[in-house]
Amino acid sequence: MKHACQQASQLTSDSFERKLSWLERIRLYTHLAMCKLCRSYNHNLHIMHDIFSGMRNHEHLPKASLPETSKAQILEAIKKER
Amino acid sequence: MNPELWLQEHGDYLFRYAISRLHDSELATDMVQETLLAAWRGHERFKGNSSLRTWLVGIMKHKIIDHIRKEIRQRNIGDKLENDPTSEYFSEDGSWQSKPSSWQTNPEALYNNDEFRKVLHQCMQHLPEKQRIVFEMRELLGDDSEQICKTNDITPTHLHVLIHRARLSLQKCLQQHWFGES
Ligand SMILES: [Zn+2]
C-alpha cells in the first residue's frame with residue numbers, strides 16, 4: 001500500500017482522539033503487524049500519552065509567587081471595585 | 001466574603017496556575033486580577049459546595065480560554081491544512097524518513113524528572129504556534145475536543161490533524177534529545 005506508514009501514523013494518533021472505524025482499525029492493525037517502525041511509533045505515542053496524563057494527575061506547578069508590586073496593584077483594583 | 005483575603009490565600013496559587021498555562025508572568029498577574037475581580041462581582045454565585053480555590057480556578061480557566069481565543073483571532077494564528085508538514089517525516093513512498101525506535105522507559109520516572117520536563121518543554125516550544133496551543137490544551141490541560149475546537153474555531157478533523165502533526169514532531173524531537181538515535 002502506498003504511503004502506508006504515513007497513514008498508519010495518522011491513525012495511531014487518531015486512536016487517542018476518537019473511536020476508529022472498523023475499517024480503520026483493520027487497516028492500522030494489519031499494518032502494525034508487519035511494520036516494526038510503526039509499532040515503535042505506536043509504542044512511543046503510548047509512552048508520551050502516559051507521561052502527559054501523569055503530568056496532569058500530579059499537578060506540578062512552577063515554583064513562583066506573585067510579586068509584591070503585583071499584589072499591591074491588584075489590591076488597588078479591588079479597592080476601586082468595592 | 002473578602003477579596004483581599006482571597007488574594008492573600010490563593011493569589012500565589014492562581015499565579016502559578018496561570019504561569020503554567022501562559023508562560024508569561026505579566027499576563028499571569030493580569031489573569032489573577034481579572035479572576036479576583038470577576039469573583040468579587042459574582043460572589044453571590046459562589047455556592048460553597050466546592051472549595052473557594054476550586055471556584056476561583058474555575059473562573060480563571062475561563063479567563064485563560066478567553067484570552068487564548070482573543071489572541072488567536074487578533075494575531076490570526078494559522079496552520080493551514082493545505083501544506084502538509086508531515087511529508088517531511090516520510091519519503092516519497094510514505095515510509096519513515098527518520099526511523100522511530102521503541103523507547104524503553106517507565107513513564108512514571110519521566111514526568112517527575114525535571115531534566116526531562118525541560119527537554120519536553122523545549123520540544124514543545126518548537127511546534128508551530130497553533131499546534132502547540134491545541135496540543136497543550138489537549139494533553140497538558142486535558143480539555144475535551146469540543147472545548148478546544150470552540151476556543152480555536154476549528155473542526156474536529158482539523159484538530160486531529162494538528163495533534164497528529166504535533167505528535168510526529170514531538171516524537172522525533174524527544175527521540176533526538178532524550179532517548180537517543182537508534
Ligand atoms: Zn509502517
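So you know, we letter chains A, B, ... as the sequences are listed, proteins then strands, and number each from 1.
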* Check whether Y89(B) gets within reach of chain A through its side chain, its backbone, both or neither, counting any heavy atom under 4.5 Å. => neither

* Report the distance from atom CG of L168(B) to atom CD of Q6(A), rounding to the nearest 0.5 Å. => 8.5 Å

* **Atom of P100(B), atom of S40(A) and distance for their closest heavy-atom approach** => O-CB, 3.7 Å

* Is the count of non-hydrogen atoms from other residues, nucleotides or ligands lying under 6.0 Å from Q147(B) atom CD greater than 12? -> yes

* Under a 4.5 Å side-chain heavy-atom rule over Ile, Leu, Val, Met, Phe, Trp and Tyr, are L162(B) and L11(A) clustered together? -> no

* Do I133(B) and I19(B) share a hydrophobic cluster (ILVMFWY, side-chain heavy atoms under 4.5 Å, transitive)? -> yes

* Asked: Are any non-hydrogen side-chain atoms of I51(A) and E108(B) less than 4.5 angstrom apart?
  -> no

* D144(B) portion near chain A, given a 4.5 angstrom heavy-atom threshold -> neither

* To do: Under 4.5 Å heavy-atom distance to chain A, tell me which part of S25(B) shows up: side chain, backbone, both or neither.
  => neither

* Asked: Side chains of E139(B) and H49(A): is there a donor and an acceptor less than 3.5 Å apart?
  -> yes

* Side chain, backbone, both or neither: which part of L159(B) has an atom under 4.5 Å from a heavy atom of chain A? -> neither

* Could you state the interatomic distance from CE (M48(A)) to OG1 (T105(B)), rounded to the nearest 0.5 Å? -> 13.0 Å

* To do: Find the one option among T12(A), L45(A), N42(A) whose heavy-atom pairs under 4.5 Å with chain B are most numerous.
  => L45(A)

* Determine yes or no for a side-chain-to-main-chain donor-acceptor pair under 3.5 angstrom, with H164(B) supplying the side chain and D14(A) the backbone. => no

* Asked: Do you reckon M55(A) sits in the same ILVMFWY cluster as L22(B), going by side-chain contacts under 4.5 Å, direct or chained?
  -> yes

* Structure fact -> Interatomic distance, CH2@W96(B) vs OG@S9(A), rounded to 0.5 Å, equals 4.5 Å

* Structure fact -> dist S102(B):OG -> I47(A):CD1 (nearest 0.5 Å) comes out at 8.0 Å

* To do: Count the heavy atoms belonging to other residues, nucleotides or ligands that lie under 6.0 Å from CD of E26(B), then report whether that count exceeds 12.
  => no

* Asked: How far apart are the closest heavy atoms of Y111(B) and G54(A), and which atoms are they?
  -> CE2-CA, 3.3 Å

* So what's closer than 4.5 Å to chain A heavy atoms on L140(B): side chain, backbone, both or neither? -> both

* Any pair counted as ring pair (Phe, Tyr, Trp, His ring centres under 6.0 Å), so long as it reaches residues 127-150 of chain B, sequence neighbours left out -> F52(A)-F135(B)

* Structure fact -> If you tally heavy-atom pairs under 4.5 Å between each of C35(A), S70(A), A8(A) and chain B, the highest tally belongs to S70(A)

* Heavy-atom donor-acceptor pair, N44(A) side chain to Q171(B) backbone, under 3.5 Å -> no

* Asked: Pick from A109(B), P156(B), P107(B): which one has the most heavy-atom pairs with chain A under 4.5 Å?
  -> P107(B)

* So how far is it from W6(B) CH2 to I74(A) CD1, rounded to the nearest 0.5 Å? -> 13.5 Å

* To do: May I ask you to say whether K71(A) pairs ionically with E4(B), meaning some side-chain N is under 4.0 Å from a carboxylate O?
  => no

* To do: Count the heavy atoms belonging to other residues, nucleotides or ligands that lie under 6.0 Å from NE2 of H43(B), then report whether that count exceeds 12.
  => yes

* Structure fact -> So, the part of R138(B) with a heavy atom under 4.5 Å from chain A: the answer is both

* Which region of W40(B), side chain (C-beta onward) or backbone (N, CA, C, O), has a non-hydrogen atom less than 4.5 Å from a non-hydrogen atom of chain A, or is it both or neither? -> side chain

* Consider only side-chain heavy atoms of I, L, V, M, F, W and Y, link residues closer than 4.5 Å, and tell whether L37(A) and L32(A) are in one cluster. => no

* To do: Identify the heavy atoms of G94(B) and C5(A) that sit nearest to each other, and give their distance.
  => O-CB, 3.1 Å

* **Minimum heavy-atom distance between L66(A) and D12(B), given as atom pair plus value** => N-OD1, 2.8 Å

* Same cluster (ILVMFWY, side-chain, under 4.5 Å), L174(B) and L110(B) -> yes

* Specify which of H160(B), R167(B), Q33(B) makes the most heavy-atom pairs with chain A at under 4.5 Å. => R167(B)

* Rounded distance [0.5 Å steps], CD in E17(A) versus CD1 in I163(B) -> 4.0 Å

